[in-house]
K.L.:
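My structure is below; once you've seen it, I'll send some questions.
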Amino acid sequence: MDAKRPALPFVLTANDTLSGYTVYHDGAAWVPRLADAQVATDADAADALDALGRAELVRGAIIDPYLAGVTLSPDGKIAPRHYRDIYRLSGPTIAFAGPAFVPGEQ
C-alpha cells in the first residue's frame, strides 16, 4: 500500500476533462455527487480504486485522479476529511463558457 495514501476509508475522485467539475467513481462510472461514490474500506478495495484511477486517466475522460480520505457517519453519509476536498465540492473556480454540463453525460 502506498505510504502517501490517506487512512481508510476513501473514495476515488478526479476532475472531468471537459467541464472541470469534480467527479467521483461509483464503481461503474464517474458521478457528480460524493454521496454516490464507492467507498474503499479495506486495502484490496483501495488497490482496486487506485488501479481504476490510473486506467481512467489513460482513457482521457478525467484528469488528476486520486484517493481522497473521507469519513462515514453512523447513518452512512460520506464527508471529505481534507479541506481541499471540502472546497472541491463547490465546483470549478472558473466559469464554464459552454452549455450547461452534467458530469457523466456527453
K.L.:
With side chains defined as the heavy atoms from C-beta onward, is the minimum distance between Arg81 and Thr71 less than 4.5 Å?
P.N.:
yes
K.L.:
With heavy-atom distances below 4.5 Å as the criterion, would you say the side chains of Val39 and Tyr24 are in contact?
P.N.:
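No; the side chains remain at least 4.5 Å from each other.
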K.L.:
About how many Å separate CG of Leu34 and OG1 of Thr13, when rounded to the nearest 0.5 Å?
P.N.:
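The OG1 atom of Thr13 sits 8.0 Å away from the CG atom of Leu34.
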K.L.:
Under the rule for side-chain contact (heavy atoms from CB on, under 4.5 Å), what residues qualify as partners of Asp75, not counting sequence neighbours?
P.N.:
Ser73, Lys77
K.L.:
State yes or no: do Leu89 and Val70 share one hydrophobic cluster built from I, L, V, M, F, W and Y residues joined by side-chain heavy-atom distances below 4.5 Å, directly or via other members?
P.N.:
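Leu89 clusters together with Val70.
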K.L.:
Can you name the residues that form a side-chain contact (heavy atoms from CB on, under 4.5 Å) with Thr17, not counting sequence neighbours?
P.N.:
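Per chain and number, Thr17 pairs via side-chain contact (heavy atoms from CB on, under 4.5 Å) with Ile63.
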K.L.:
Using every non-hydrogen atom in the two residues, find where Ala46 and Phe10 come nearest and quote the distance to one decimal.
P.N.:
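Looks like CB-CZ, 3.1 Å.
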K.L.:
Please name all residues satisfying side-chain hydrogen bond (donor to acceptor under 3.5 Å, both in side chains) with Asp26, sequence neighbours left out, ordered by chain then number.
P.N.:
none
K.L.:
Quick one: closest heavy-atom pair of Asp85 and Ala68, and the distance?
P.N.:
OD2-CB, 3.6 Å
K.L.:
Just by distance, do the side chain of Thr22 and the backbone of Arg88 share a donor-acceptor pair under 3.5 Å?
P.N.:
yes
K.L.:
For Arg33, check side-chain contact (heavy atoms from CB on, under 4.5 Å) against everything at least two apart and list the hits.
P.N.:
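Only Ala35, Asp36 meet the side-chain contact (heavy atoms from CB on, under 4.5 Å) criterion with Arg33.
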K.L.:
Among residues at least two apart in sequence or on other chains, which ones pass side-chain contact (heavy atoms from CB on, under 4.5 Å) with Ala14?
P.N.:
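Partners of Ala14 under the side-chain contact (heavy atoms from CB on, under 4.5 Å) test: Val23, Trp30, Ile62, Pro65.
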K.L.:
Taking side-chain contact (heavy atoms from CB on, under 4.5 Å) as the criterion, tell me which of Val11, Val31, Leu49, Leu12 meets it with Gln38.
P.N.:
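Result: among Val11, Val31, Leu49, Leu12, Leu49 is the only option passing the side-chain contact (heavy atoms from CB on, under 4.5 Å) with Gln38.
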K.L.:
Any non-hydrogen side-chain atom of Leu8 less than 4.5 Å from a side-chain atom of Thr41?
P.N.:
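No, their side chains stay 4.5 Å or more apart.
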K.L.:
Is there a side-chain contact between Tyr87 and His82 (heavy atoms, below 4.5 Å)?
P.N.:
no
